[in-house]
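Since the structure comes first, as structure tokens, the remarks are kept for the end.
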Amino acid sequence: MAAADFGFLRIKVIALAVVDKHRAHRFYSETLGLEPAYEGMQKVGYFLGTTILMLKSGWYGTPTDQPNPRITIATKHAPDTAAALAARGVRISDPVQTYDDGFNVGSFLDSEGNKLWFCSPVATGEQLPSP
């Protein structure tokens, strides 16, 4: 059975465990500049495209730098993304590297220690380290 048979359209929400909800809200709103997402009148997280990053404190899980689940954000140019994040004081946990499948991939840690990955296609003539 193909995924289309279920009517799947896109990822709507990714829930992230947070320890300090106020610190996490500052990180996603001020540091990353994401737009707030609401359910009714309650702010539940932040939009990343059409996907909501929902922040969950007091949840069953705790923040982790291990992929659980692994979340990868598509970017225009991963090296520029890494530079912009670092300029805002965000910890780059995995520097951008080029993989054989033609993508530049890196990761950063949010204010709570969750690891988020980002990637972009390799630009023509671009040379970065390979893993």
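Residues near Val19 contribute nothing to a hydrophobic cluster around it, because no ILVMFWY side-chain heavy atom sits closer than 4.5 Å to its side chain.
Shortest non-hydrogen contact noted between Ser111 and Ala24 is OG-CA, 3.4 Å. Here the shortest heavy-atom pairing between Thr62 and Ala17 reads C-CB, 3.7 Å. Nearest heavy atom pair, residue Ala15 against residue Trp59, reads CB-CH2, 3.4 Å. The minimum heavy-atom distance between Ser120 and Pro79, with the atom names listed, is OG-CD, 4.4 Å.
Paired with Tyr28 under the rule side chain to side chain contact (heavy atoms under 4.5 Å, CB included), one option of Asp110, Val18, Leu48 passes, and it is Asp110.
Of the possible donor and acceptor atoms, none in the side chain of Thr72 sits under 3.5 Å from a partner among the backbone N and O of Phe118. Side-chain atoms of Asn104 never come within 3.5 Å of backbone atoms of His77 as a donor-acceptor pair (strictly under, hydrogens ignored). Within the 3.5 Å criterion, the main-chain N or O of Asp20 finds a donor-acceptor partner in the side chain of Glu112.
Put simply, Ile11 and Met54 are part of two different groups of oily side chains (I, L, V, M, F, W, Y) that touch within less than 4.5 Å, one to the next. Val96 and Val90 end up in the same hydrophobic cluster when Ile, Leu, Val, Met, Phe, Trp and Tyr side chains are linked at under 4.5 Å.
Residue pairs meeting the side-chain hydrogen bond (donor to acceptor under 3.5 Å, both in side chains) criterion with at least one partner in residues 81-95, sequence neighbours excluded, are Ser93-Ser107, Asp94-Ser107, Asp94-Lys115.
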**Message:** Evaluate Phe47 against Ile52 for side chain to side chain contact (heavy atoms under 4.5 Å, CB included), listing each step before the verdict.
**Reply:** CA-CA 5 Å; Phe47 278 111; Ile52 296 171; 3.6 Å; yes

**Request:** Evaluate the side chain to side chain contact (heavy atoms under 4.5 Å, CB included) criterion for residues Val13 and Val44: first the C-alpha distance (whole Å), next the side-chain angles of each, then the deciding distance (0.1 Å), finally the verdict.
**Result:** CA-CA 10 Å; Val13 174; Val44 295; over 6 Å; no

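Shown here is Ile14, whose CD1 atom has more than 12 heavy atoms of other residues, nucleotides or ligands within 6.0 Å.
Annotation: the span from Asp80 atom CG to Leu85 atom CG amounts to 11.0 Å, rounded to 0.5 Å. How far CD1 of Ile73 is from CZ of Phe108: 4.5 Å, rounded to the nearest 0.5 Å. The CG atom of Leu55 sits 9.0 Å away from the NZ atom of Lys43 when rounded to the nearest 0.5 Å.
Here the side chains of Trp117 and Cys119 are not in contact, with every heavy-atom distance at 4.5 Å or above. Side-chain contact between Phe27 and Leu32 is present, with at least one heavy-atom pair separated by less than 4.5 Å.
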